[in-house]
Amino acid sequence: MSEMQEYIVDATNKILKKHVTKELVDASEKGEWSDQLWDVLVESGLVSVGIEEGLGGTGGDATDGFAILRLAGKYAAPVPIFETIIAGWLLADHKVETTYEPISFSMNIESDLNSNDFVLKQVPWGRHVKKVVYIGEINGAFKIAILPTDHATVKLNQNLAGEPLDELHFSGIELEKITQFDVDQQDTFNRVMTLAALGKSAMMAGAMEQVLDMSVFYAGERQQFGRPIGKFQAVQHHLSALTAETAVVLAALNYAIVAFQEGTIKEELPLAKMKISESAGKVAGIAHQLHGAIGMTHEHQLHQLSRRLWAWREDYGNESYWAKKLAKTYIENNDLTLWEFITNEKRGNVNV
């Protein structure tokens, strides 16, 4: 970790630890906008990391952004920081200056906007964002476009975590006048999926770190038969399983981010997202079993993390989606053994 990234991580951790409370997350899930938290994130430059200063950004690179998203997941930050960062990177690819407003993005490679009245379904944080970066066809040509939400009608919806996932009805937009860029469909799809899958993986990894910390704390505090439950072998087994899953998740995430930074990312992405999505279910299940009845109550914070893990594991490809992608990549490299494909190491003759 560079000195710059250490500073970013430290600053982000202090901000989120101070401002994100269980009550704030609860309020957000009821539809309230966390304006104070958003303003602090904007003032700190954390929503524009990875965008060059010439475009109004904070500088740094994508790995700094993923570090921020990992902490956003750890604290279940109830603002569209993931959407704004990814959308900002996509626009920066086309030299669009950042505005520090909350932005979302919506990719649908099968859609075609060909009239002034249209609907975008399942837009993350749609009710709160000022713009939506649309990735799809406009009048038969594949584009990245900026859709202002000023006059959009919102049909409220949310995901399992209580995060907004709204339907936006746009009316009277003159498509020929909005900011838009012609792009290659496959290259853009790969770019969006790579950034988004890595971003969500970072958030899930952060959430799992927090679940592990909460579980260790609870096992040390909860008394049964005159001693902490963490002293019992069965509970220690659960904690060991949580620790192992979290360690593997962090290794997979770091492996993929390094490959992305070096520009060599291939099978590292499906391996990471596949493993992290799979572990999300395991970690949430083990943690709830360890916490017992208290972990199932609304008053306890565990559900705010476990519900996000269950929701995020499906975003931008669940484990089945990425397993199929990985299998296809392996089949196309059928001159390699499975071991050679996974480890990038050629095996010599082995005598058994």
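Values below: all heavy atoms of this structure, side chains included; hydrogens, waters and symmetry mates excluded.
Aromatic ring orientation, His288 versus Trp310: parallel (interplanar angle below 30°, classes split at 30° and 60°).
Sorted by first then second residue, the salt bridge (charged side-chain N to carboxylate O under 4.0 Å, His left out) pairs that include residues 195-220, not counting sequence neighbours, are Arg70-Glu209, Lys200-Asp315.
Considering CD of Glu32 and CG of Leu24, their distance stands at 8.5 Å, rounded to 0.5 Å. For the atom pair Asn116 CG and Leu175 CG, the distance stands at 5.5 Å (nearest 0.5 Å).
A salt bridge links Glu29 to Arg308: one of the charged nitrogens lies within less than 4.0 Å of a carboxylate oxygen. Salt-bridge formation is detected for the pair Asp182/Lys143: a Lys NZ or Arg NE/NH1/NH2 atom is positioned less than 4.0 Å from an Asp or Glu carboxylate oxygen.
Using a distance-only test at 3.5 Å, with no hydrogens or angles considered, no donor-acceptor pair links the side chain of Trp38 to the main chain of Ile81. Ser279 contributes no side-chain N or O that, together with a main-chain N or O of Val249, makes up a donor-acceptor pair within less than 3.5 Å.
No single ILVMFWY cluster, assembled from side-chain heavy atoms under 4.5 Å apart, contains both Leu290 and Phe217.
Enclosure of atom CD in Gln236 by more than 12 non-hydrogen atoms of other residues, nucleotides or ligands within 6.0 angstrom is indicated. Applying the 6.0 Å contact sphere to OH of Tyr7 captures no more than 12 heavy atoms from other residues, nucleotides or ligands. In the displayed structure, His237 atom NE2 is contacted under 6.0 Å by at most 12 heavy atoms of other residues, nucleotides or ligands. Residue Gln36 qualifies as open at atom CD: its count of foreign heavy atoms under 6.0 Å is 12 or below.
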Would you give me the side-chain donor-acceptor pairs under 3.5 Å for residues 130-141, sequence neighbours excluded?
from	atom 1	to	atom 2	distance (Å)
Tyr134	OH	Ser111	OG	2.7
Tyr134	OH	Glu137	N	3.3
Tyr134	OH	Glu137	O	2.9

